[in-house]
2 protein chains.
Amino acid sequence: MTEYPNKAQVLVAVDCIIFGFDENELKLLLIKRGFQPEQGKWSLMGGFLRKEENLNNAAERVLHQLTGLKEVYMEQLQVFGAIKRDPVERTVSVAYNALINIHNHDQELVNKFSAEWFPISKIPDLIFDHNQMVTAAINHLRHKVSHQPIGFELLPTKFTMPQLQRLYEAIYETSMDTRNFSKKLLSMGVLVKLQEKQKGFSRKGAFYYQFDQGKYQKSINNGLSFVIKP
Amino acid sequence: MTEYPNKAQVLVAVDCIIFGFDENELKLLLIKRGFQPEQGKWSLMGGFLRKEENLNNAAERVLHQLTGLKEVYMEQLQVFGAIKRDPVERTVSVAYNALINIHNHDQELVNKFSAEWFPISKIPDLIFDHNQMVTAAINHLRHKVSHQPIGFELLPTKFTMPQLQRLYEAIYETSMDTRNFSKKLLSMGVLVKLQEKQKGFSRKGAFYYQFDQGKYQKSINNGLSFVIKP
DNA sequence: GCAAAAGTGTTAGAACTACACCCATGC
DNA sequence: GCATGGGTGTAGTTCTAACACTTTTGC
């Protein structure tokens with residue numbers, strides 16, 4: 001074991017861009033920073049990498065601290081490494097996208113961090129380069145949902161076709177044709193229709209569906225490509 | 001200015017996955033490691049992040065050290081942060097994809113680092129997690145060339161239609177129909193046909209084309225999507 | 001004149017887009 | 001019985017995929 005010469009004295013952090021969907025809008029969970037620097041400003045939830053954990057663990061830990069959730073869909077987005085991005089000390093930060101069901105998180109923890117959900121159209125000024133991270137995160141999500149079945153992570157396991165459509169409309173900031181949308185989704189054969197109907201939202205009630213990972217894998221192996229264009 | 005408590009003592013490195021195309025095969029430039037640990041083994045070209053440079057600069061510097069090239073198409077790929085990925089010291093490494101014209105690099109520098117081009121089908125065992133990086137890099141490249149006009153970075157400014165097709169075939173490891181390929185490329189209206197023909201390779205000679213960034217931007221603004229499926 | 005690569009068109013099927021009305025239910 | 005959102009079919013158009021022969025030229 002030799003030590004490397006010219007070590008770079010740089011800190012490594014992770015920041016989580018936490019997405020949720022509340023039946024109509026795509027939202028991000030932001031915290032009001034309780035410590036210096038920039039105390040009291042809005043920020044992404046973040047933390048420093050510890051020696052005994054790998055990067056993904058660090059991101060999961062940070063997400064868990066704020067939401068109480070584990071086993072969440074997370075994905076490394078990008079590293080931000082500009083020299084002065086953090087004024088206190090040279091820090092590179094790895095941004096992670098997290099997709100959660102907006103109704104599942106632990107409200108007490110969220111209160112503890114003075115966190116709030118913001119619609120993506122109304123993101124406030126954030127500290128450091130966090131607005132840049134958010135922009136990258138939204139672009140990445142838009143791109144990714146168009147050809148991977150990850151949108152379902154933002155919905156309850158049981159969801160209706162109109163809910164799913166509104167989700168895609170919110171992500172793409174567009175509107176889609178109901179007939180073409182359901183035709184497309186059903187044609188891919190990755191959804192299971194349940195007998196049960198959603199009650200209380202509309203008079204008629206909409207049938208619930210579930211995403212079926214097994215069916216998806218089979219379809220993929222048969223050459224299907226999952227595509228939902230904006 | 002306060003200092004953060006519980007700093008993570010972690011080094012930050014960059015590693016470059018350098019792609020080239022030699023008329024038939026997609027290749028990677030690998031170095032024979034001249035220092036400990038793992039001296040004499042094949043490896044990606046890498047280096048540590050310095051305090052006074054941002055991540056992209058570091059990647060450019062590392063690429064320049066090996067190839068003598070500047071202003072090269074580079075793209076951050078992913079961070080690798082497993083605890084024991086580097087046995088000497090805890091290091092997270094940011095992998096960068098670089099696309100270069102295989103005929104342009106500085107041969108002396110390449111010799112100095114005992115570097116060699118390897119076809120992507122014959123990548124040797126590499127140190128640390130570099131094989132993982134290479135796999136991620138190839139997957140990323142395959143995905144990216146299918147909807148962004150970055151393949152041209154691997155070719156000379158003037159290239160023939162058959163060269164371009166062979167490039168895509170090499171990246172996708174597939175074969176394509178000549179007629180459909182040229183029809184598709186020309187229909188997007190982003191290439192300029194030159195009067196000049198390639199000499200010496202085939203009897204007939206093939207016309208040269210150039211990629212036109214301005215035309216591409218215009219087409220994009222008019223709603224074109226650049227797509228070349230495998 | 002022949003070998004080797006370049007260049008070019010057509011057709012059938014698949015996927016996409018646009019579009020409007022009836023249905024089920026709670027009040 | 002009416003207001004609200006849920007659910008469904010068709011036709012025109014565009015895109016894709018499959019397929020083979022002629023052209024040019026150096027030797």
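Just so we're on the same page: letters track the sequence lines, and every chain starts at 1. If you're wondering where the values come from, they're calculated on a predicted model, not measured in any experiment.
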Position toward the 5' end of DNA chain D (nearest nucleotide), B:Arg203 or B:Thr178: B:Thr178
A:Ser202 vs B:Lys199, nearer the 5' end of DNA chain D by closest nucleotide: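 First, find each residue's nearest nucleotide; the 5'-ward one identifies A:Ser202.
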Nearest-neighbour nucleotide for the [X] side chain, [options] considered:
X: B:Asn180; options: D:dG6, D:dA17, D:dG9; result: D:dA17
X: A:Pro162; options: D:dA18, D:dA20, D:dG7; result: D:dG7
X: A:Lys193; options: C:dA6, D:dG9, D:dT8; result: D:dT8

Chi angles and distances behind the side chain to side chain contact (heavy atoms under 4.5 Å, CB included) call for A:Phe21, A:Leu99: CA-CA 9 Å; A:Phe21 176 67; A:Leu99 306 184; over 6 Å; no
Starting at [atom1] of [X] and ending at [atom2] of [N], how long is that distance when rounded to a whole Å?
X: A:Leu164; N: D:dG6; atom1: CG; atom2: C1'; answer: 15 Å
X: B:Arg166; N: C:dA4; atom1: CZ; atom2: P; answer: 15 Å
X: A:Phe181; N: C:dC16; atom1: CZ; atom2: P; answer: 13 Å
X: B:Tyr209; N: C:dG7; atom1: OH; atom2: P; answer: 6 Å
X: B:Leu185; N: C:dA6; atom1: CG; atom2: C1'; answer: 15 Å
X: B:Met161; N: C:dT8; atom1: CE; atom2: C1'; answer: 12 Å
X: A:Phe207; N: C:dT25; atom1: CZ; atom2: C1'; answer: 13 Å
X: B:Leu186; N: C:dG9; atom1: CG; atom2: C1'; answer: 14 Å

Donor-acceptor pair (no angle test) under 3.5 Å: A:Lys183 side chain, D:dT10 base: yes
Nucleic acid contacts - residues 217-229 of chain A versus DNA chain D, non-hydrogen atoms under 4.0 Å: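 Contacting residues: none.
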Side chain A:Gln165, main chain A:Met176, donor-acceptor under 3.5 Å: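 Yes, the answer is positive, given that a donor and an acceptor are paired below the 3.5 Å cut-off.
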B:Glu153 side-chain N/O to B:Ile150 backbone N/O, donor-acceptor pair under 3.5 Å: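 Answer holds: no.
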5' priority, DNA chain C, between A:Arg179 and A:Lys184 [closest heavy atom]: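 With A:Lys184 and A:Arg179 compared, the 5'-side residue is A:Lys184.
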Of A:Pro230 and B:Lys197, the one whose closest DNA chain C nucleotide lies more 5': B:Lys197
[atom1] of [X] to [atom2] of [Y]: how many Å apart, nearest 0.5 Å?
X: B:Ile127; Y: B:Leu44; atom1: CD1; atom2: CG; value: 7.5 Å
X: B:His105; Y: B:Leu66; atom1: NE2; atom2: CG; value: 8.5 Å
X: A:Phe19; Y: A:Asn97; atom1: CZ; atom2: CG; value: 4.5 Å

Residues A:His147, B:His147; criterion ring-ring contact (aromatic ring centres under 6.0 Å, His included); working and verdict: CA-CA 13 Å; A:His147 60 270; B:His147 59 270; 7.1 Å; no
Short side-chain N/O contact from A:Lys204 to OP1 or OP2 of C:dG26, under 4.0 Å: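 A:Lys204 to C:dG26 OP1/OP2: no side-chain N or O under 4.0 Å.
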